[in-house]
Amino acid sequence: MAVARRTGLVGAPLLVVAALLSGCAEPTRLSVPAEWPFDLEATPAVARDGMVVTADRYATDVGVEILARDGNAVDAAVATSFALAVTYPTAGNIGGGGFMVVRLAEGTTAALDYRETAPLAATRDMYLEPDGNPGDRSLYGPLAAGVPGTVRGLWEAHRRFGTLDWAELVEPAIRLAEGFEVHPSLNDGLTALARRIGEFEPARRAQFQGTLDQFLPGGVPPAIGTVFRQPDLAHTLRRIAEQGPAGFYGGETARLIVAEMKRGGGVITLRDLDRYTAEWREPIVFDYRGYTVISMPPVSSGGATMAEIANILEGYRLDGMPFDSVERVHLLAEAMKRAFSDRNTYLGDPAFVRMPLPRMLSDDYAAERRSEIDVAAATPSSAVGPALGPVDHGSDTTHFSIVDRRRNAVAVTTTINTGFGSLVTVPGAGFLLNNEMDDFAVRPGSPNVFGLVQGEANAIVAGKRMLSSMTPTIVLDRQQELWLVTGSPDGPRIITAVLQSLSNAVDYRMSASALVNAPRVHHQHLPDRIVVERGGFSPATLEGLRALGHAIEEESSMGEVQAILVSPDGTLSGAADPRGSGLARGLQSL
Ligand code: DON
């Protein structure tokens with residue numbers, strides 16, 4: 001479908017990105033603002049025999065170490081996850097959950113859901129205060145925690161696809177828990193944690209004693225360059241190495257979790273822990289301009305919402321629109337707000353809600369949604385509703401991408417929800433518990449911590465999984481060969497960040513670094529505004545968007561994409577998002 005050109009970027013330099021190209025036939029021209037803080041010419045890590053991109057350099061090194069021992073991408077993902085739980089406590093975890101998308105070189109695809117569940121004692125209104133309003137107990141303290149899924153999930157991934165010994169994959173994390181040198185970003189994170197806990201009333205602060213003892217010894221974050229030791233966590237990891245999931249969901253670790261629940265007013269029981277299962281699911285698979293996108297199905301909203309956005313966008317020639325143009329950002333925002341209104345209404349745990357997924361993913365439905373879009377005016381969100389028809393109702397996360405030498409690929413996004421989760425560390429066990437319960441619609445119709453206004457499909461029910469936006473994604477090229485591995489943290493912005501990494505690669509033929517670095521936009525239906533990254537769009541473009549009726553809000557950064565792109569010569573390019581302090585490292589770097 002043709003779209004009228006509305007803005008030229010008068011005076012902005014045209015950047016010919018031939019040097020940035022990866023896997024593409026023709027150079028693409030981007031027009032970008034003159035003063036641009038986003039470096040599209042950054043050099044990705046390039047290697048032949050494997051690539052690991054994570055948010056933390058220790059975790060990247062662990063992944064590469066496992067690949068060098070000829071572990072496959074799933075082995076490396078298991079070891080990397082455990083390492084993140086030690087060196088990246090803001091999001092890495094054993095007290096949270098996540099999703100893993102796998103694509104083996106021989107073609108097998110799989111999606112593993114190890115999302116937390118609501119404890120059996122959870123009830124629909126458990127977070128409403130006496131005045132009927134949600135307080136902050138779904139965010140901070142032991143009551144905020146869902147039943148953790150990570151250890152069961154990693155075990156399950158290893159059981160199905162792993163090749164090295166389980167204990168060998170946990171061992172690097174044990175080593176790190178015994179001590180590693182504090183780097184500046186960990187010090188920054190723990191400084192923010194100290195500030196956050198300091199904001200609570202002294203009585204409430206007692207709930208976070210385990211966290212203070214473990215991460216802020218003497219009341220201050222460990223200094224840069226000193227060795228940070230987590231002996232309780234090392235013990236827990238040793239139990240997991242020796243006993244598998246029984247070392248977490250039973251025995252000493254389970255006993256310590258339940259003791260902390262009793263102490264701080266949480267409700268997770270031994271029974272909750274014992275009955276937790278990870279679920280294999282059919283990935284969401286959709287086509288975007290001939291590329292095959294493999295992503296996470298519900299209880300992630302990511303794959304389905306991204307598919308709806310992408311299917312709507314397929315009707316427009318984005319590659320003919322300057323990157324920094326009113327028309328491109330307008331169409332992205334219009335597609336996003338429609339898909340998010342469906343997401344927020346219909347999606348939830350497949351064990352509890354019926355979802356109109358085939359229709360949500362269909363080209364016919366995308367065409368209907370497209371026909372509502374006015375290329376010359378923003379549709380107010382109040383006029384955009386969920387449109388899938390009636391259904392018979394029966395800041396912190398982290399992503400990493402790994403490809404091994406055989407071209408098996410793994411995309412993992414894992415979380416304890418906001419930074420440092422519930423702020424509760426299980427005393428004696430040394431790990432933070434998630435605050436994933438806030439991802440439910442704590443009161444349907446009221447916004448959650450990410451401003452998402454969600455409905456009945458995502459209301460709290462005992463045993464149910466809370467809806468997620470995490471979108472680990474693997475893309476195949478037009479020959480059905482592995483092409484891109486991508487994903488991001490950042491709540492609902494995950495979906496739009498991953499979608500833009502896809503579009504940057506397909507429509508703008510960007511390199512791994514460029515597709516990660518390029519500035520992003522976001523719209524989630526409510527609140528009704530486009531969020532743009534500051535400095536990423538020219539004043540003329542922002543003015544043009546306002547003239548179409550869009551409210552604009554600027555933020556310093558959104559998402560943190562960790563991506564691997566396969567070049568036409570078969571080499572791997574890896575890029576860690578400069579918005580974070582991660583690292584891409586290859587095996588046999590070129
Ligand atoms: O699963 C979700 O959608 C959220 N718990 C993700 C939270 C998140 O990404 C926070 N990150 N910065």
Side-chain angles (χ1 to χ4, degrees), residues 54-56 84 88-93 95-101 111 113-118 138-140 144-150 153 185 188-189 192-193 196 295-306 340 343-344 347-349 395-400 411-423 432-442 447-454 457-458 464-473 486-499 520 522 524 531 555-562 577 579-582:
T54 85
D56 179 85
L84 283 167
Y88 194 71
T90 177
N93 67 82
F99 301 132
M100 180 183 292
V101 173
D113 172 346
Y114 47 101
R115 183 70 162 165
E116 300 89 330
T117 54
S138 62
L139 281 168
Y140 307 112
V147 182
T150 296
S185 58
D188 284 351
L193 175 66
R196 184 73 199 87
S295 192
M296 197 65 208
V299 74
S300 171
S301 61
T305 310
M306 179 166 64
F340 266 87
R343 172 208 184 276
N344 296 343
L347 302 187
D349 182 343
S395 237
D396 220 279
T397 303
T398 191
H399 175 84
F400 63 84
V412 171
T413 315
T414 180
T415 190
I416 43 178
N417 198 16
T418 53
F420 301 99
S422 62
L423 309 181
L432 283 153
L433 287 169
N434 68 83
N435 58 349
E436 226 70 67
M437 291 297 283
D438 192 71
D439 273 353
F440 278 117
V442 163
N448 74 356
V449 71
F450 301 111
L452 281 172
V453 180
Q454 311 177 99
N458 192 31
K464 188 180 177 185
R465 286 163 142 88
M466 56 298 280
L467 186 63
S468 172
S469 298
M470 293 188 289
T471 315
T473 297
T486 181
S488 175
D490 211 358
R493 289 123 192 252
I494 293 171
I495 302 172
T496 52
V498 176
L499 176 277
R520 305 188 178 116
H522 174 73
Q524 61 182 42
V531 190
E555 270 189 27
S556 54
S557 99
M558 288 192 283
E560 187 184 331
V561 172
Q562 317 293 1
D577 196 322
R579 294 164 184 82
S581 38

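Residues: numbered from 1 along the sequence shown. Remember, it's 1-based here, ligands and their atoms both numbered in the order they're listed.
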Within reach of ligand 1, part of Leu467 (heavy-atom separation under 4.0 Å): neither
Side-chain touch Val561/Ser488, heavy atoms, less than 4.5 angstrom: yes
Contact atoms of ligand 1, heavy-atom distance to Ile494 under 4.0 Å: 9 (O)
Contacts of type side chain to side chain contact (heavy atoms under 4.5 Å, CB included), residue Ser557, not counting sequence neighbours: Glu533, Arg579
Glu116 and Val147: CA distance, side-chain angles, deciding distance, side chain to side chain contact (heavy atoms under 4.5 Å, CB included) verdict: CA-CA 5 Å; Glu116 300 89 330; Val147 182; 5.5 Å; no
N or O pair under 3.5 Å between Asp439 and ligand 1: yes
Atoms of ligand 1, numbered as shown, that sit under 4.0 Å from any heavy atom of Ser469: 1 (O), 2 (C), 3 (O)
Ligand-residue contact atoms, ligand 1 with Glu436, heavy atoms, under 4.0 Å: 5 (N)
Least distance between heavy atoms, Gly189 atom then Phe420 atom: O-CE1, 3.3 Å
Per-atom contacts of ligand 1 with Asp490, taking only distances under 4.0 Å to non-hydrogen atoms: 8 (C), 9 (O), 11 (N), 12 (N)
Qualifying residues under salt bridge (Lys or Arg N to Asp or Glu O under 4.0 Å), relative to Asp439, sequence neighbours excluded: Arg115
Any side-chain heavy-atom pair of Met296 and Asp113 under 4.5 Å: yes
Region of Arg115 engaging ligand 1 - heavy atom pairs below 4.0 Å: side chain
